[in-house]
2 protein chains.
Amino acid sequence: MNRQESISDKKEHLKSFIKTKGLKSTRQRDIIVTEFLKTEGHVTAEEFYRKINRRHKNIGFTTVYRTLKLLAESGLAAEQVFADNLTRYESLLGEEHHDHLICQKCGSITEFKDNKLENMQVKIADELGFQILNHKMEFYGYCSNCRK
Amino acid sequence: MNRQESISDKKEHLKSFIKTKGLKSTRQRDIIVTEFLKTEGHVTAEEFYRKINRRHKNIGFTTVYRTLKLLAESGLAAEQVFADNLTRYESLLGEEHHDHLICQKCGSITEFKDNKLENMQVKIADELGFQILNHKMEFYGYCSNCRK
DNA sequence: CATAATTTTGAAAATGAATTTCAATTTCTT
DNA sequence: AAGAAATTGAAATTCATTTTCAAAATTATG
Ligand SMILES: [Zn+2]
Ligand SMILES: [Zn+2]
Ligand SMILES: [Zn+2]
Ligand SMILES: [Zn+2]
């Protein structure tokens, strides 16, 4: 399964979501979705709108905003809020659950996943009788570049 | 060390903070701080203002808001934002660092601390060359009451 | 293909929590 | 007591997010 196939898989996923929900597929949505699934990292609606706007002067912020919401609803994007209180979107294309390291100097957001940690979380919650549906774990500090 | 002593310790702490910063101590601040240090749980500025306002009609929201900020700056309160994107304040009176379980049905916020988990976090960050200054860990799901 | 029905678009307006402004008041220092 | 400096609080502002609404685009139907 290469990256190209994966993207079209995702587009199919969204198309069936759109159909199920009685929505219509449009030129704007196609462009936004295609661009988004190719985008790495964690972008705000504003940032992503600016990127789209470079090539597509006729696509408005509101549509970009709404399409990102749609992607999140359909499960193709993750919506996240870090300490700066801005909502960011991340493509879930080929990504599985992971947590984040956020550098307070350069602002870089890097990702990590540790199964032992994840298992431990479930175990702790279990002992407290709490059923975890999802969790948020973020480390704030200095990345390897900035700590020097 | 009983609770009463602890409260006055904290007030001393704040007083010296106020002095060091060249601030003044006022009737309003005294009332707000005293009330806050007695408050359990995680309150928004708005909620806490309403509580203060019951007995003190002449203390404004802005002053409550600013005093909570001051408490956070001085280290006597923790400022936190959970998934609903509201800023909450928690008294650190007799509390040490802990993480949160947030029930998505009843909204209850409970606390837990697990040293093994905390140690593991530091270790993971270390391996990635990341220097943790602070972290955020929240579990979202159903509390033991609501999962039934 | 034409028409109707429904959804989408996007500029502009609204929302709402957080923050700032500023004139009047209070506190602190001398 | 007077002056300097900080605080107060109502109102205004900010700013990301969300909603509104009329025009345009898409889909369904005949
Ligand atoms: Zn960095
Ligand atoms: Zn990520
Ligand atoms: Zn509950
Ligand atoms: Zn807490």
Side-chain angles (χ1 to χ4, degrees), chain A residues 14-36 42-74 77-89 107, chain B residues 11 14-36 42-74 77-89:
Chain A
L14 184 69
K15 252 182 191 150
S16 84
F17 177 83
I18 281 176
K19 200 154 199 177
T20 309
K21 276 232 166 185
L23 309 176
K24 292 174 178 172
S25 78
T26 66
R27 197 183 58 83
Q28 288 93 327
R29 274 183 188 158
D30 276 355
I31 291 168
I32 295 168
V33 168
T34 303
E35 277 305 308
F36 183 72
H42 310 76
V43 294
T44 64
E46 185 60 35
E47 280 166 3
F48 189 59
Y49 163 69
R50 284 201 298 269
K51 181 175 172 183
I52 291 283
N53 185 249
R54 283 186 224 131
R55 295 170 168 281
H56 305 279
K57 298 293 177 193
N58 50 341
I59 296 183
F61 169 80
T62 311
T63 303
V64 171
Y65 163 79
R66 281 191 284 225
T67 305
L68 289 174
K69 282 278 183 200
L70 205 59
L71 282 160
E73 266 186 78
S74 76
E79 201 181 66
Q80 296 169 332
V81 181
F82 301 122
D84 62 4
N85 256 47
L86 299 182
T87 303
R88 284 166 212 276
Y89 297 85
Chain B
K11 283 192 189 166
L14 185 69
K15 255 186 186 145
S16 83
F17 177 83
I18 281 177
K19 202 155 198 177
T20 309
K21 276 233 167 187
L23 309 177
K24 292 173 178 171
S25 78
T26 65
R27 198 184 59 83
Q28 288 94 327
R29 274 184 188 159
D30 277 354
I31 291 168
I32 294 167
V33 168
T34 303
E35 277 305 309
F36 183 72
H42 310 76
V43 293
T44 64
E46 185 60 36
E47 281 167 3
F48 188 59
Y49 163 69
R50 284 202 297 270
K51 181 175 173 185
I52 291 282
N53 186 250
R54 282 186 225 132
R55 294 171 168 278
H56 305 277
K57 297 293 179 195
N58 50 340
I59 296 183
F61 169 80
T62 312
T63 302
V64 171
Y65 163 78
R66 281 191 284 227
T67 304
L68 290 174
K69 282 278 182 198
L70 205 59
L71 283 160
E73 267 186 79
S74 76
E79 201 181 65
Q80 295 168 332
V81 181
F82 300 122
D84 63 3
N85 257 45
L86 298 182
T87 302
R88 284 165 212 278
Y89 296 85

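It should be emphasised that the depicted structure is a prediction, and the values quoted were computed from it without experimental measurement. Below, chains carry the letters A, B, ... as their sequence lines are ordered, and counting in each starts from 1.
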To the nearest Å, give me how far apart CZ (A:Phe61) and P (C:dA13) are.
16 Å
Does atom NZ of B:Lys51 have more than 12 heavy-atom neighbours from other groups under 6.0 Å away?
yes
Atom pair distance, as rounded to whole Å: CD in B:Glu47 and P in C:dA18
11 Å
Please confirm whether the shortest side-chain N or O distance from B:Gln28 to OP1 or OP2 of D:dG9 is below 4.0 Å.
yes
Starting from the 5' end of DNA chain C, give me the residue, B:Tyr65 or A:Thr62, whose nearest nucleotide shows up first.
A:Thr62
Between C:dT7 (C1') and A:Lys69 (NZ): distance, integer Å
20 Å
Name the nucleic acid region contacted by B:Thr26, choosing base, sugar-phosphate or nothing; use a 4.0 angstrom heavy-atom cut-off, strictly under.
sugar-phosphate
Name the nucleic acid region contacted by B:Arg29, choosing base, sugar-phosphate or nothing; use a 4.0 angstrom heavy-atom cut-off, strictly under.
sugar-phosphate
Could you check B:Asn58 against A:Leu23 and say which one's nearest nucleotide on DNA chain D is further toward the 5' end?
B:Asn58
Is there a donor N/O on one and an acceptor N/O on the other, under 3.5 Å, for the side chain of A:Lys24 and the base of D:dA25?
no
Hey, what do you get for CD (B:Glu73) to NZ (B:Lys21), rounding to the nearest 0.5 Å?
4.0 Å
Roughly how far, to the nearest 0.5 Å, is CZ of A:Phe48 from CZ of A:Arg88?
14.5 Å
